[in-house]
Amino acid sequence: MNMKTKDVRRGGGLASKKLLAAIAVLAVVFLVLAAVPVADAENTPTYGKVTVKFGDDFYMESGESSAHQFTSMKDALDFINKDTTHAGDITVICEKNKPVNFVGSHQSIVNKSLTIEGNGAYVMTGNEYGGDIAVDTLHPGNNGWTNPTGLAFEGNVDLTINDLDGVRVWGEKSSQYKLTLVMNNCDAISEKDGNVGPDKNRYFGVYITHGNFTSSYTGEDAEKKKAAAIESVVDITLNNCNFGNNSATCTVYSNYNGKISINNCTFDGRAQAVCITNKAASPNLDVEITNTNFKDCGATKTDNEKKYAAPVKVTNCSESGSVSLTVDGCTFDNSESANGDVLVGEGRSNKTSGPVSVDVKNLKSDATIEFQSPGYYGTSTESTKKVSLGLENGSTAKVTATGTEIAIEKITGEITGEEFELSGKISEDTTINAKKVIVTGNTTVNSGVTLTLGKDTEVVVKKDAVFNLYGTIDGGKSIDVEKDASFKAYSGAQ
């Protein structure tokens with residue numbers, strides 16, 4: 001009896017120890033799980049499907065239905081890039097109004113011409129809103145591709161994105177082939193979901209810059225390939241897109257030849273809403289911005305950003321070539337830039353600021369066009385390397401500027417600054433309120449035109465310059481004609 005009781009107690013003791021051990025293990029597991037963030041149903045997105053269509057036919061991975069569907073944009077684009085069996089126009093279709101999984105930075109890569117139909121879907125990367133599509137880029141090891149040539153373009157690529165919110169097109173361009181990008185009705189996610197905080201957002205916009213040519217091209221023809229890549233063409237068209245507070249600080253950027261067209265868009269609170277810096281050896285670039293609103297743009301967080309931030313900035317980094325900017329029917333509301341609403345040229349030291357043709361018309365607000373030459377932002381600001389052109393609502397300015405050397409075709413506004421370099425023909429009434437006007441080259445004030453000067457403005461006609469006055473000068477302090485210069489006022493018809 002005692003033995004039996006002892007056996008029962010021994011058994012009971014063993015069971016108790018096992019129970020206690022189990023409780024201890026559960027407690028440890030509970031503590032570990034408590035320390036790890038667990039996505040609950042509220043915070044875990046239910047990603048929409050991504051469907052790939054070739055021409056009029058669908059292809060299903062399993063062959064069980066008529067549609068080829070993926071759970072992420074990365075997987076869909078990987079399939080397209082590797083596919084060699086299907087023909088026809090390629091369309092990527094996002095599930096309507098659902099989040100689209102972009103997996104990670106530079107993971108969703110476009111290497112072929114295609115159209116993405118967003119259908120009101122919005123981009124997510126992990127638990128962050130937004131994500132990028134990478135184009136013509138080489139990132140071995142980062143995107144899962146082992147091809148040593150990466151995914152640089154193998155031909156010209158046309159990419160159209162419709163109605164997809166929070167997407168950024170990004171590329172360190174690495175080939176000589178042309179990229180044509182069209183984005184229609186794409187918005188920053190903040191425009192759609194007001195409670196999305198900036199700490200939960202990746203940036204929305206377009207950023208195309210030069211690639212890592214050192215690693216991209218090797219061998220005897222490496223330099224030739226690098227040069228071809230730098231001189232390649234990027235065309236960008238943005239229609240009805242809203243770049244809100246969760247767009248990139250530098251929202252639309254390219255340093256390539258091509259045509260950039262921005263139509264009926266809104267930029268809200270962006271330090272550098274449109275920043276186009278042409279770095280081609282032989283520039284050939286047209287920038288057209290039409291019926292677009294810039295609100296609260298130009299504010300910067302660092303002193304360095306102040307040197308180049310503006311709602312619109314266009315620079316020709318070559319001493320020659322053709323770069324043009326047209327601003328038509330635009331509004332600039334409460335700009336916070338130290339460089340005006342539109343900055344033409346480059347004020348930082350050790351830079352090049354080549355010629356840019358500027359045509360501003362049909363303004364729907366007041367605006368300041370600022371022209372800068374390298375050295376304005378030097379060890380000490382040189383005020384002579386900046387000229388400001390103040391334009392009122394409805395005003396017009398058509399000039400060609402190389403830094404602060406400005407050839408005027410037509411201006412209806414007031415020019416201000418320390419020094420203004422005047423050349424070319426003045427065919428419309430013009431007001432210059434700078435402290436000093438430097439006349440260079442061949443300059444003519446046409447018949448019937450009034451050049452109005454500030455009461456303290458001094459005019460200096462530089463050596464070898466020719467200044468012909470067929471119209472009228474109103475105001476001004478003095479005109480100083482240097483040796484070997486010419487100033488003639490004509491009373492008769494031109």
Side-chain angles (χ1 to χ4, degrees), residues 254-257 260 274-288 307-308 310 312-327 339-360 367-378 381-391 396-411 413 415-428 430 432 434-445 451 459-467 485:
S254 173
N255 51 23
Y256 282 89
N257 284 332
I260 296 175
V274 179
C275 182
I276 310 301
T277 304
N278 189 287
K279 296 183 179 180
S282 301
N284 186 6
L285 171 68
D286 295 319
V287 181
E288 296 183 0
K307 299 177 182 179
Y308 50 81
V312 176
K313 177 178 183 287
V314 174
T315 302
N316 178 0
C317 295
S318 173
E319 295 181 352
S320 61
S322 174
V323 175
S324 69
L325 167 65
T326 300
V327 178
N339 304 304
D341 298 294
V342 177
L343 172 58
V344 178
E346 179 59 76
R348 290 174 290 176
S349 298
N350 302 316
K351 300 286 185 178
T352 300
S353 192
V356 179
S357 299
V358 181
D359 187 1
V360 179
T368 299
I369 317 301
E370 191 158 296
F371 306 91
Q372 293 180 5
S373 294
Y376 173 67
Y377 286 111
T381 300
E382 298 184 40
S383 57
T384 59
K385 294 182 179 293
K386 180 183 82 168
V387 169
S388 296
L389 170 56
L391 299 177
T396 295
K398 194 169 185 179
V399 304
T400 298
T402 303
T404 49
E405 297 180 14
I406 302 174
I408 298 174
E409 182 174 335
K410 180 179 181 181
I411 290 180
I415 300 168
T416 61
E418 294 290 320
E419 290 187 4
F420 178 77
E421 296 189 23
L422 180 64
S423 64
K425 289 185 178 181
I426 301 177
S427 56
E428 299 282 344
T430 299
I432 302 177
K435 290 184 178 180
K436 184 177 290 187
V437 175
I438 308 297
V439 179
T440 61
N442 293 318
T443 301
T444 300
V445 178
L451 175 61
V459 178
V460 178
V461 184
K462 300 296 287 185
K463 180 180 178 180
D464 298 325
V466 176
F467 186 16

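Just so it is clear, the values below take in all heavy atoms, side chains as well, and ignore hydrogens, waters and symmetry mates.
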* To do: Could you tell me whether the side chain of S318 reaches within less than 4.5 Å of the side chain of P283, counting heavy atoms only?
  => yes
* To do: Flag the pair K385 and E418 as a salt bridge only when some basic side-chain nitrogen lies within less than 4.0 angstrom of an acidic carboxylate oxygen.
  => no
* Structure fact -> NZ (K425) and OG1 (T444) are apart, to the nearest 0.5 Å, by 6.5 Å
* **I260 CD1 to T326 OG1 distance, which is reported to the nearest 0.5 Å** => 12.5 Å
* **Distance, nearest 0.5 Å, that separates CG of L343 from OG1 of T368** => 11.5 Å
* **Residue pair N257 / S282: nearest heavy atoms and the distance that separates them** => ND2-O, 3.2 Å
* Would you say the side chains of E370 and S388 form a donor-acceptor pair under 3.5 Å? -> yes
* To do: Decide yes or no on side chain to side chain donor-acceptor pair (under 3.5 Å) for T315 and K313, but give the supporting numbers first.
  => CA-CA 7 Å; T315 302; K313 177 178 183 287; 2.9 Å; yes
* Asked: Given the rule in the side-chain contact (heavy atoms from CB on, under 4.5 Å) test, do V399 and I411 qualify, once you have shown the distances and angles that lead to the verdict?
  -> CA-CA 8 Å; V399 304; I411 290 180; 3.8 Å; yes
* **Donor on one side chain, acceptor on other, N339 and Y377, under 3.5 Å** => yes
* How far does SG of C317 sit from NZ of K351, to the nearest 0.5 angstrom? -> 7.0 Å
* Structure fact -> Output for pair (L285 CG, I276 CD1), nearest 0.5 Å, gives 7.0 Å
* To do: Mind listing the closest non-hydrogen atom pair of A310 and G340 along with its distance?
  => CB-O, 3.9 Å
* Asked: For P355 and N316, which heavy atoms make the closest approach, and how far apart are they?
  -> O-ND2, 3.1 Å
* To do: For I415 and T430, run side-chain contact (heavy atoms from CB on, under 4.5 Å): C-alpha distance rounded to whole Å, both residues' side-chain angles, the deciding distance at 0.1 Å, then the answer.
  => CA-CA 8 Å; I415 300 168; T430 299; 4.1 Å; yes
* Structure fact -> For G375 and S349 the tightest heavy-atom approach is CA-OG, 3.8 Å
* Structure fact -> Smallest heavy-atom separation, K462 atom then T440 atom, equals CG-CG2, 4.2 Å
* To do: Decide side-chain contact (heavy atoms from CB on, under 4.5 Å) for V323 and V314; before the verdict, give the C-alpha distance in whole Å, the side-chain angles of both, and the deciding distance to 0.1 Å.
  => CA-CA 9 Å; V323 175; V314 174; 3.9 Å; yes
* Asked: For the residue pair F371 and L389, what are the closest heavy atoms and their distance?
  -> CE1-CB, 4.1 Å
* Structure fact -> Test side-chain contact (heavy atoms from CB on, under 4.5 Å), reference L325, set D359, V287, V360, output is V287
* Asked: Side chains of T396 and K398: do they bring a donor and an acceptor to under 3.5 Å?
  -> no
* Check whether any side-chain heavy atom of V312 sits under 4.5 Å from a side-chain heavy atom of D341, and report yes or no. => no
* To do: Could you walk me through whether D286 and S324 pass the side chain to side chain donor-acceptor pair (under 3.5 Å) test, one step at a time?
  => CA-CA 5 Å; D286 295 319; S324 69; 2.6 Å; yes
* Rounded distance (nearest 0.5 Å) linking atom CG of N278 with atom CG of N255 -> 7.5 Å
